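Scroll down for the structure; my scribbles are underneath it.
Along the sequence shown, the residues carry numbers beginning at 1. Scope of the values below: all heavy atoms of this structure, side chains included, with no hydrogens, waters or symmetry mates. Numbering of ligands and ligand atoms starts at 1, following listing order. Note that the structure is predicted; figures quoted are calculated from it, not measured.
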Amino acid sequence: MTEARPSAQTWEADSYARNARFVSDLALPVVDLLAPRAGERILDLGCGDGVLTAKLRDLGAEVVGVDSSPEMVAAARARGLDVRLVDGRALPFDREFDAVFSNAALHWMPDPDAVIAGVARALSPGGRFVGEFGGHGNVAAVVVSLLAVLARRGIDGRGLLPWYFPTAEAYRAKLEAQGFVVDEIRLIPRPTPLPTGMSGWLDTFARPMLGGLEDDDRRRARDEVMELLRPALCDEAGNWTADYVRLRFAARKG
Ligand code: BEZ
């Protein structure tokens with residue numbers, strides 16, 4: 001089998017808004033867990049197009065967003081937000097925030113230890129780190145189908161997987177190793193209806209896996225992934241549901 005090289009994930013704000021608005025729509029429980037207070041300084045880590053950053057601002061917090069995608073940073077700034085182009089592994093803040101918040105972003109960031117170290121530096125003593133992202137078993141059927149379709153082409157896709165989906169125990173250990181006190185951490189299976197179906201999801205999120213294929217073959221591969229998934233994730237009426245598992249946590253800098 002050929003070892004494949006990862007294609008960069010690219011983000012198009014319009015396509016993200018069309019295919020993935022549910023990501024921010026489903027974030028209210030983690031915003032509740034953060035319980036933002038008026039006047040607090042909050043860092044939104046991996047803020048994407050800024051929908052939740054704007055919500056935190058509207059709740060009275062003073063929010064800074066960071067994201068590593070120039071397209072997403074531009075979309076978030078268009079909402080009038082203070083958003084900076086920053087790699088999550090190299091947060092440049094020093095004891096500036098009362099809380100760091102993150103929704104559906106940490107699974108995209110390689111080197112979780114570097115990310116957590118940057119969060120610890122960014123927080124004032126006692127500051128909160130509250131977030132939710134893909135946990136162990138997240139999109140398992142989708143992952144297996146992508147690997148199977150690449151294997152048909154003689155490609156070992158395991159090295160292409162861009163996502164970090166830890167268990168609660170593994171992530172707790174990482175947080176505690178950097179001095180956090182973990183108040184809550186758990187995996188939450190959350191089958192998630194996909195408003196634009198599996199094709200919209202794959203087009204938006206699976207580029208690192210399929211992006212190395214030629215255009216025609218990429219479309220064929222996407223269709224093959226959908227055929228493998230159909231019996232598991234598509235109902236008789238044609239509605240798709242993704243096999244999401246969230247890891248939700250709240251921690252404090254000790
Ligand atoms: C997630 O939010 O769990 C997710 C999104 C895109 C790719 C993989 C996982």
Side-chain angles (χ1 to χ4, degrees), residues 6-31 33 44-53 65 67-69 71-72 75 88 101-112 115 130-150 157-168 170-171 185-212 218 221-222 225-226 228-229 232-233 240-249:
S7 303
Q9 174 70 27
T10 54
W11 298 103
E12 288 158 17
D14 290 350
S15 132
Y16 186 86
R18 203 168 44 252
N19 294 320
R21 179 54 59 227
F22 67 89
V23 173
S24 50
D25 290 347
L26 294 173
L28 289 188
V30 68
V31 174
L33 188 60
D44 185 356
L45 172 55
C47 67
D49 65 2
V51 167
L52 288 175
T53 327
D67 205 279
S68 63
S69 154
E71 292 78 14
M72 288 300 184
F101 170 80
S102 187
N103 180 58
L106 294 169
H107 51 248
W108 288 105
M109 298 180 200
D111 199 350
V115 175
V130 176
E132 184 173 302
F133 63 111
H136 189 65
N138 194 40
V139 293
V142 180
V143 168
V144 171
S145 302
L146 285 163
L147 293 176
V149 164
L150 289 169
R158 286 173 297 181
L160 298 178
L161 286 167
W163 306 306
Y164 168 62
F165 298 143
T167 62
Y171 204 65
I185 186 161
R186 65 194 165 108
L187 285 178
I188 304 170
R190 195 197 63 198
T192 299
L194 299 178
T196 57
M198 187 52 72
S199 61
W201 193 95
L202 291 168
D203 286 345
T204 306
F205 293 127
R207 275 180 216 199
M209 301 292 290
L210 300 180
R218 189 169 61 246
R222 186 194 64 186
V225 170
M226 289 176 61
L228 285 173
L229 287 172
L233 299 182
W240 286 91
T241 300
D243 49 343
Y244 273 19
V245 178
R246 313 321 286 168
L247 181 60
R248 188 180 298 162
F249 66 92

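Within ligand 1, counting atoms from 1 as listed, the ones closer than 4.0 Å to a heavy atom of H107 are 1 (C), 2 (O), 3 (O), 4 (C), 5 (C), 9 (C). Every atom of ligand 1 is numbered from 1 in the order shown, and the set under 4.0 Å from a heavy atom of N138 is 1 (C), 3 (O), 9 (C).
Under the 4.0 Å criterion applied to side-chain N and carboxylate O atoms, R190 and E132 are assigned as salt-bridge partners.
Contact annotation for Y164 and ligand 1: no heavy atom of the residue comes within less than 4.0 Å of the ligand.
Remark: distances from the non-hydrogen atoms of W108 to ligand 1 include one below 4.0 Å.
For the pairing with F133, the ring-ring contact (aromatic ring centres under 6.0 Å, His included) check across W163, Y171, W108, F101 returns one residue only, Y171.
Contact detail for N138 and V245: the closest heavy-atom pair is OD1-N, 2.7 Å.
Formation of a donor-acceptor pair under 3.5 Å by the D49 side chain with backbone atoms of A75 is not found in this model.
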(request) Show the numbers, then the answer: is there a side chain to side chain contact (heavy atoms under 4.5 Å, CB included) between C47 and M72? (result) CA-CA 8 Å; C47 67; M72 288 300 184; over 6 Å; no

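For ligand 1, the polar-atom distance check against W163 finds no nitrogen or oxygen pair separated by under 3.5 Å.
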